[in-house]
Amino acid sequence: MAAIGLTSRLVTAILGMPPLFAWAKRQARQMMIDRAEGMGVPWRQIVAEWRSQDLTPDLAAVENPAVVYPDYYTTSFHAYAEGNLGWEPALEVEVAALAVHSRIFPEGGPDGDARLRGSYHQALRARLPQPPHRILDGGCSVGMSTFALQDVFPEAQLTGLDLSPYFLAMAHRRSQAEPQRRAIAWVHGLAEATGLPDAGFDLVSFCLIFHELPQAATRAILRESYRLLAPGGILP
Ligand SMILES: C[S@@+](CC[C@H](N)C(=O)[O-])C[C@H]1O[C@@H](n2cnc3c(N)ncnc32)[C@H](O)[C@@H]1O
């Protein structure tokens, strides 16, 4: 026990030194990338493809400068000092999700993300009396959950809402690149106070978001969701 306490104090002291902390962070990051690529997720290739694109017009198209960020959203998160509010986390969101989700199923593999979403949609469909006409995807990030919902309900009118304009810029770019899809409305805003009309949605979906939020924010989002739901609408 004493040895563990000493080791832990030593590690904390070492990581308290900025150059050593930066080195440890780089090492951890490299390990994460190598592990992802070992599992068949071409991390560097996908990020390099995104990085080669100029996404500033997409950012301008989606960003709402009037948005006020809550404190919980402006701290470092997922090893990014800027949290979700920057290009670096945006460029890596998709590969990080593919890597993390590839380990969910016992066999593992890069289709873990698709399987995870598939099982969510299966449960969703079982609860829906009929296909929803208007869907809100709250916390839509770079659009992975939104496009996946659109694949299942191609006739629906979709709105993707997120607090990160960088994430939304990538979602917007992907929409532009896939004109065969029905247009999706990308909304930069707070899920707690969306500014969207009362009773405007038949399905309000939050995929993989609440585990990241403080409880008070989750409660506020659920209250707002009930306002957004049309009679008979579903919040799974
Ligand atoms: C783990 S990601 C989930 C992304 C996506 N739904 C998916 O399934 O891939 C959580 C997302 O919620 C967003 N988010 C966090 N708090 C939010 C809030 N209060 N309002 C809107 N979006 C929020 C984050 O920016 C992030 O994109």
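All residue numbers in this chain count up from 1 along the given sequence. When a ligand or atom number is given, it counts from 1 through the structure's own listing order. Worth knowing before you read on, the calculation uses all heavy atoms, side chains too, and leaves out hydrogens, waters and symmetry mates.
Here Arg173 does not pair with Glu178 in a salt bridge; the nearest charged N to carboxylate O distance is not below 4.0 Å. The pair Glu92-Arg44 does not meet the salt-bridge criterion, since no charged nitrogen lies less than 4.0 angstrom from a carboxylate oxygen. Ion pair Arg181/Asp151 flagged as a salt bridge, since at least one NZ, NE, NH1 or NH2 atom sits closer than 4.0 Å to an Asp/Glu carboxylate oxygen.
Between the choices Leu168, Val93, Leu163, Ile209, the shortest heavy-atom distance to atom 18 (C) of ligand 1 belongs to Leu163. Which of Ala97, Gly143, Ser164, Gly189 comes nearest to atom 21 (C) of ligand 1 through a heavy atom is settled by distance: it is Gly189. The heavy atom nearest to atom 7 (C) of ligand 1, out of those in Ala148, Pro70, Ser145, is found in Ser145.
Both Leu85 and Leu190 sit in one connected hydrophobic cluster of ILVMFWY residues. Membership requires side-chain heavy atoms under 4.5 Å apart, directly or through other members.
Of the protein's heavy atoms, Ala191 N, 2.9 Å lies nearest to atom 20 (N) of ligand 1. Annotation: atom 15 (C) of ligand 1 to nearest protein heavy atom, Tyr73 CE1, 3.6 Å. With hydrogens left out, the protein atom closest to atom 10 (C) of ligand 1 is Glu212 OE1, 3.4 Å, a heavy atom. In this structure, atom 16 (N) of ligand 1 lies nearest to the protein heavy atom Leu213 CD2, 3.4 Å. Protein heavy atom in closest approach to atom 27 (O) of ligand 1: Asp162 OD2, 2.7 Å. Protein heavy atom at the shortest distance from atom 2 (S) of ligand 1 is Leu208 O, 3.7 Å. Ranking protein heavy atoms by distance to atom 8 (O) of ligand 1, first place goes to Arg117 NH1, 2.9 Å.
The proximity of Phe206 to ligand 1, defined as any non-hydrogen pair under 4.0 Å, does not occur for either the backbone or the side chain.
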Starting from the C-alpha separation in whole Å, work towards a yes-or-no answer on ring pair (Phe, Tyr, Trp, His ring centres under 6.0 Å) for Trp50 and Tyr166. CA-CA 12 Å; Trp50 275 111; Tyr166 299 92; over 10 Å; no
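Judged by the shortest distance from any of its heavy atoms, Tyr72 lies inside the 4.0 Å radius around the atoms of ligand 1.
Near Leu190, meaning under 4.0 Å from one of its heavy atoms, ligand 1 places the atoms 19 (N), 20 (N). Residue contact check: Asn84 has heavy atoms under 4.0 Å from atoms 24 (C), 25 (O) of ligand 1.
Taking distance alone, with nitrogen or oxygen atoms compared against 3.5 Å, Cys207 approaches ligand 1 more closely than that limit.
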